Number of protein chains: 2
Amino acid sequence: MAATKDPRPCSIADALAVVGEKYSLLVLREVCLGNSRFDQLVRNIGAPRDVLATRLRRLVDAGLLTKRAYQDRPQRFEYRATQAGLDLEPVLMSLMAWGDRHLRGDDDRPMVIEHSCGNELLPVVTCAACGAEVRHEDLTAHPQAPGWTVKGPTAA
Amino acid sequence: MAATKDPRPCSIADALAVVGEKYSLLVLREVCLGNSRFDQLVRNIGAPRDVLATRLRRLVDAGLLTKRAYQDRPQRFEYRATQAGLDLEPVLMSLMAWGDRHLRGDDDRPMVIEHSCGNELLPVVTCAACGAEVRHEDLTAHPQAPGWTVKGPTAA
DNA sequence: TCGCGTGGGTTGGAAAAACAAACCCTCGCC
DNA sequence: GGCGAGGGTTTGTTTTTCCAACCCACGCGA
């Protein structure tokens, strides 16, 4: 996924250049769940083996995963998330919450996450400064680079 | 991007089936910023026009965008986010924050977002129940459907 | 010792997507 | 009457994806 052409310098585009290819985020999901082996990933994600191999190389190169042998003779490898990879988990959680809300009946959630506070996790993106939930209407963009257009009201 | 084969019922996969194709999230970014016209999108995203046209159709069909004429004679259209689309913006913001942190020197952020509280937005994913920041080590997955493997420690 | 199964991939060829450039149509304006 | 903007579609080429088959090292059981 080329960042090479995005005319807008943007960390969203940069992030997608790393994790935006098909299956990459599902790999992260699996690894965060603790499934670290090639076959488990193939089975749980449903990706073709060659594509998965490509994605894994990419994610390792990008520093989101590590590959290490969990046995020699025969050599077998496992993939684990680095801190950068783990830091994506909250993003995945909020994406999951969006999917639960907008793509499902909300009562057939295929996975419930428990938070250490004892409650079911309902992820909310908040502003670190004031603690309020982040909503579109409270945001104002300030591009730091030229070549941008930012405009008025954006809702339908 | 097929959800058709993902063997795991999962809202992350479902969400990616809708917005996981190349450029889709960048379209959302632009629309949330207020850039609603085909050309602006082409220029700001850097996508081929035909691909963009395909993405826009998909996003409209999925209910994340609306297409409506902003003038007749000649007919011209604009794309705006629905509530479902706007609800993805916090996810984009946390993805952007991840990119800022892990992909950049953190001091050359290409865009700063201002929150209505007056501070610069630093998005944090929190647990709605307890208000704490969501971290990997505080989460436990509870699959609601069969065919899952979930395992022990997941960090590198 | 022979064959079988498992884990972790690689290879080859066909099908689907992305890409770039050119094209089209409707109009407003000079 | 020609030019340019806006919003796409068409055409042909280049990449990716996909699938199935294959490979290799080993452990095991008969």
Side-chain angles (χ1 to χ4, degrees), chain A residues 1-8 13 16-27 30-31 34-62 65-80 149 151-152, chain B residues 1-7 13 16-27 30-31 34-62 65-80 149 151:
Chain A
M1 202 160 206
T4 52
K5 269 208 22 185
D6 187 58
R8 224 200 246 288
L16 289 173
V18 175
V19 296
E21 290 168 302
K22 200 170 176 179
Y23 305 120
S24 293
L25 286 176
L26 297 183
V27 170
E30 287 302 315
V31 171
N35 295 110
S36 52
R37 286 116 85 176
F38 193 82
D39 287 32
Q40 294 177 325
L41 299 175
V42 166
R43 275 193 299 276
N44 292 340
I45 295 171
R49 305 172 73 83
D50 55 342
V51 176
L52 182 61
T54 305
R55 293 297 174 271
L56 287 169
R57 266 190 294 271
R58 174 103 180 89
L59 291 172
V60 168
D61 289 353
L65 297 183
T66 56
K67 175 183 190 172
R68 69 154 168 247
Y70 65 88
Q71 68 173 36
D72 305 326
R73 353 204 21 122
Q75 276 219 312
R76 293 286 178 272
F77 301 98
E78 64 181 2
Y79 297 89
R80 292 190 172 277
T149 339
K151 292 221 174 150
Chain B
M1 201 162 210
T4 51
K5 270 206 21 184
D6 188 57
L16 290 173
V18 174
V19 296
E21 290 169 302
K22 201 170 175 178
Y23 305 120
S24 293
L25 286 176
L26 297 182
V27 170
E30 287 303 314
V31 171
N35 295 112
S36 52
R37 279 106 104 165
F38 193 83
D39 288 31
Q40 293 176 324
L41 298 176
V42 167
R43 276 193 298 275
N44 292 340
I45 295 171
R49 306 172 73 85
D50 57 342
V51 176
L52 182 62
T54 304
R55 293 296 174 273
L56 287 169
R57 264 190 295 271
R58 174 105 180 88
L59 291 172
V60 169
D61 288 353
L65 298 183
T66 56
K67 175 181 189 172
R68 70 152 168 248
Y70 66 87
Q71 69 173 37
D72 305 325
R73 354 208 52 228
Q75 276 220 310
R76 293 285 178 274
F77 301 98
E78 64 182 0
Y79 296 89
R80 292 190 172 277
T149 340
K151 293 223 175 149

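Everything numeric in this text was worked out from a predicted model, so none of it was measured. Residue numbering restarts at 1 for every chain, and letters A, B, ... go by the order of the sequence lines.
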Need to verify one output field. Residue with the more 5' nearest nucleotide on DNA chain C, A/Glu78 or B/Thr54?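 Its nearest nucleotide being more 5', the pick is A/Glu78.
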
Is the shortest heavy-atom distance from the side chain of [X] to the side chain of [Y] under 4.5 Å?
X	Y	answer
A/Leu56	A/Tyr79	yes
B/Leu65	B/Val27	yes
A/Leu52	A/Phe38	yes
A/Thr66	A/Val60	no
A/Ile45	A/Glu30	yes

Rounded to the Å, how far apart are [X] [atom1] and [N] [atom2]?
X	N	atom1	atom2	value
A/Leu41	C/dG7	CG	C1'	12 Å
A/Ile45	C/dG8	CD1	P	14 Å
B/Leu52	C/dC19	CG	P	11 Å
A/Gln71	C/dG9	CD	C1'	15 Å
B/Asp39	D/dT9	CG	P	13 Å
A/Asp50	D/dT17	CG	C1'	8 Å
B/Glu21	C/dC19	CD	P	12 Å
A/Gln40	C/dG8	CD	C1'	12 Å

If you check the [X] side chain, which of [options] turns out closest?
X	options	result
A/Phe38	C/dG7, C/dG9, D/dG7	C/dG9
A/Arg55	D/dT17, D/dC18, D/dG8	D/dT17
A/Lys67	C/dG7, C/dG9, D/dG8	C/dG9
A/Pro48	D/dC19, D/dG8, C/dG8	D/dC19
A/Arg57	D/dG8, D/dG7, C/dT10	C/dT10

Which heavy-atom pair separates A/Arg55 from A/Lys22 by the least distance, and what is that distance? NE-O, 2.8 Å

Would you indicate, yes or no, if [N] has its OP1 or OP2 atom less than 4.0 angstrom from a side-chain nitrogen or oxygen of [X]?
X	N	value
A/Lys22	D/dC18	yes
A/Tyr23	D/dC18	yes
A/Tyr70	C/dG8	yes

Atom pairs, N/O to N/O, protein against nucleotides 22-30 of chain C, distance under 3.5 Å?
from, atom 1, to, atom 2, distance (Å)
C/dC27, OP1, B/Arg73, NH2, 3.2

Does the cation-pi check pass for B/Arg37 over B/Tyr70, that is, NZ or CZ under 6.0 Å from the six-membered ring centre and within 45° of its axis? yes

